[in-house]
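Heads up, the thing below is written out as structure tokens.
Whatever order the structure lists them in is the order used to number ligands and atoms, beginning at 1.
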Amino acid sequence: MSSEERSSILIIYTGGTIGMIRNSVTGALESFNFDHLLRHVPELRQFNLNISSRAFNPPIDSSDMNPALWGRIVEIIHTNYDKFDGFVILHGTDTMAFTASALSFMLEGLMKPVILTGSQLPIGVLRTDGKENLLTAIEIAAAKNADGSPVVPEVCIYFHQKLMRGNRCTKTSADSFDAFNSPNCTYLATAGMEILYNRHIIRPYDASAQLRPNYKMSSDIIIFSLFPGIKQSVVEKILSGKELKGVIFRTFGAGNAPQAQWLVDALERATAENKVIVNVTQCSTGSVKMRLYETGLQLLEAGIISGRDMTVEAALTKMMFLLGQSLPVDEVRRLMKKNLAGEITCG
Ligand code: ASP
């Protein structure tokens with residue numbers, strides 16, 4: 001496609017604060033329909049773009065997001081993939097980092113922009129952050145190189161002047177406009193007077209790639225966080241669960257756990273029962289390095305896999321995706337360590 005042609009953008013409205021309005025009787029925030037967005041952001045009509053929309057009916061608070069609804073987003077993107085140059089997903093902020101991470105694995109071979117955004121204040125409120133987030137997300141989704149290829153052919157979150165790789169993001173503030181960060185990955189772009197792209201970080205465009213949508217996700221997983229004084233009987237009960245197939249094990253510092261034999265034994269038993277256990281740090285920056293201390297080495301010896309610098313959101317949704325593909329357990333373990341969609345810093 002030539003860069004002269006008018007780009008087409010599909011906005012997928014799932015819900016969240018960006019599209020909410022205050023109920024005058026109860027005072028609570030409630031979802032309202034997508035047409036209100038157009039009314040509150042008339043600037044949308046000024047873009048030299050073809051903009052279409054699809055909306056969840058009813059829109060949801062993102063606390064109610066789940067794998068079936070991720071599948072619905074994947075299906076909308078898949079069925080409209082050839083008709084649009086880019087996709088903007090309006091989503092509640094609370095679980096946006098989970099959705100962005102999940103989509104990065106579910107949309108294999110993606111070579112078009114999928115930009116998630118939302119807001120901390122509803123779009124109808126005077127000081128809303130939603131307008132800038134929405135307008136810039138659309139501009140990024142429509143951005144093309146001179147040869148007509150998309151500038152950002154991957155799943156991202158755009159929020160408060162930062163474009164971040166979706167599967168490197170975490171919601172870091174419940175009330176600031178600057179609500180997201182990608183602590184272990186440089187921003188893909190920053191938006192001031194100009195949008196400045198960090199092209200060396202952005203996934204290179206591959207014209208031969210084919211979109212392969214994946215819908216199967218396993219939820220037989222738990223996120224299990226260590227704390228000083230954690231109790232043997234509780235840990236043993238959790239790790240011996242019959243349905244349990246995978247554990248995102250949140251450890252201290254560079255991937256360390258207490259040197260208690262009962263803990264190593266419980267982890268070894270779970271590993272022997274074909275449960276996949278991935279070590280991610282409780283720290284917000286940095287990486288798991290299990291060979292650094294004895295307290296990490298014992299985990300490596302118990303068969304625990306290093307999640308390196310993956311966010312909890314990325315490690316969890318990657319495991320949901322891999323376990324959902326019914327792969328042999330050794331293959332799941334191998335792929336958990338491998339960078340599949342930019343979720344791990346390589347090198
Ligand atoms: N509870 C809302 C949601 O995640 C918050 C937001 O949109 O920012 O849907």
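More than 12 heavy-atom neighbours from other residues, nucleotides or ligands sit within 6.0 angstrom of CZ on F47.
The shortest heavy-atom distance from A179 to ligand 1 is not under 4.0 Å.
The distance criterion of under 3.5 Å between nitrogen or oxygen atoms is met by T93 with respect to ligand 1. Ligand 1 has a nitrogen or oxygen under 3.5 angstrom from a nitrogen or oxygen of S62. The N/O atoms of S63, backbone and side chain alike, include none that comes under 3.5 Å of an N/O atom in ligand 1. Of the polar atoms of H91, none of the N or O atoms is found under 3.5 Å from an N or O of ligand 1, judged by distance alone.
For the pair D129 (side chain) and S119 (backbone), a donor-acceptor distance under 3.5 Å is absent.
The side-chain heavy atoms of Y187 and L163, taken from C-beta on, include no pair separated by under 4.5 Å. A heavy-atom distance below 4.5 Å is found between the side chains of L263 and P258.
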Which atom pairs, one a donor and one an acceptor, fall under 3.5 Å between side chains of residues 219-234 and the rest of the protein, sequence neighbours left out?
| from | atom 1 | to | atom 2 | distance (Å) |
| --- | --- | --- | --- | --- |
| D220 | OD2 | K245 | NZ | 3.0 |
| S225 | OG | R250 | NH1 | 3.2 |
| Q232 | NE2 | E236 | OE2 | 2.9 |

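Residue G16 approaches ligand 1 through these ligand atoms, each under 4.0 Å from one of its heavy atoms: 7 (O), 9 (O). Within the listing of ligand 1, atoms 8 (O) sit less than 4.0 angstrom from a heavy atom of S119.
Shortest contact from atom 6 (C) of ligand 1 to any protein heavy atom: T17 OG1, 2.9 Å.
By the 6.0 Å and 45° rule, K162 does not stack over the aromatic ring of F180.
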